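The structure appears right after this line, and notes come after that.
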Amino acid sequence: MIIKASNDVTTAVVAVMERTPDRRLQEIMVSLVRHLHAFVRDVRLTETEFREAAAIINEMGKLTSDTHNETVLMAGSLGVSSLVCLLNNGDDGNTETSQSLLGPFWRMHSPPVPNGGTIVRSDTPGDPLLVTGRVIDRDGRPIQGAEVDIWHASPVGLYEQQDPNQADMNLRGKFTTDADGCFWFRTVRMAGYPIPTGGVVGRLLAAQNRHPYRPAHLHALILKEGYKVLISQVYDPDDPHIDSDVQFGVTRALLGDYIRHDDPHPSESGVTTPWYSLDYTFTMAPGEAVLPRPPIK
Ligand SMILES: [Fe+2]
């Protein structure tokens, strides 16, 4: 097709996309081109802005490595990761779900810990946190033998591999649910933390006067044959950034009941005051138990 005016471009490109043999790829590319062209028209993108956009995408690729993923960070900062998660879970996005973002800090092969054990592996000053979790199916029945991988940031907001003061695999552990679907452990109360701001995402946040913080949260990845892998985060409602998460990951279903206790713990020894408790129930949906690819090594 020989182009006469700007509208012809969209017609010509969509016609080419429609000839894509793979049906799903065809659907995606036709829609992508329509939306992309509409966007360019909507903002009347200038030639300078177009060249800047290409440079930014190139920069995101160059900033991405084995230990950092700038593209995933940008997807989160634009709310795309959260939207994809919600649309693909909770009855196609219509109901609440325990699913959340994986985040960039999950590591495979965290060490097994017996229920009642601790995931504090090196001196980590902070308030004690006693977690009890339960894993159930959509009908409310307990799921026994589920493998629950837990990880979280320290009380100063750093994951172990970001912090030379923490032992390898500190604040990480893998539990197995009992006959009631329960698992429980001791740790320290985590803090919220800023996402990395040294790249393109950091410049965007600065340009929009946005803070870079994620509210404090506990990560869980739950594996059980016959169920879709449950990737979850349980957020602390008392965090000052609970309603302004830079990655838009906080949903109502993921608000945890982090309770402060000022009296000594009734049975556990060595629990200083104040201490905190968290009790949360994870709901798994039927599906394929396929682990995600770890975002870092
Ligand atoms: Fe996190």
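From a predicted model like this one, the values you see are computed outputs, not experimental measurements. Side chains are part of it too, since the values below use all heavy atoms of this structure and drop only hydrogens, waters and symmetry mates. When a residue number appears, it is its place in the shown sequence, counting from 1. Start at 1 and go down the list; that is how both ligands and their atoms are numbered.
- The angle subtended at the Fe ion (ligand 1) by OH of Tyr193 and OH of Tyr159 is 100°, given to the nearest 10°.
- Ionic pairing of Glu59 and Lys62 is not present here: no N-O contact between side-chain nitrogen and carboxylate oxygen is shorter than 4.0 angstrom.
- Electrostatic pairing of Lys224 and Glu147 does not count as a salt bridge here, judged by no charged N lying under 4.0 Å from a carboxylate O.
- Within His219, the N, O or S atom lying nearest to the Fe ion (ligand 1) carries the name NE2.
- Within the coordination shell of the Fe ion (ligand 1), defined by N, O or S atoms under 2.8 Å, Gln233 is absent.
- No hydrogens or angles considered: nothing links the side chains of Tyr280 and Arg134 as a donor-acceptor pair under 3.5 Å.
- Between Glu268 and Arg186 a salt bridge is recorded (basic side-chain N to carboxylate O distance below 4.0 Å).
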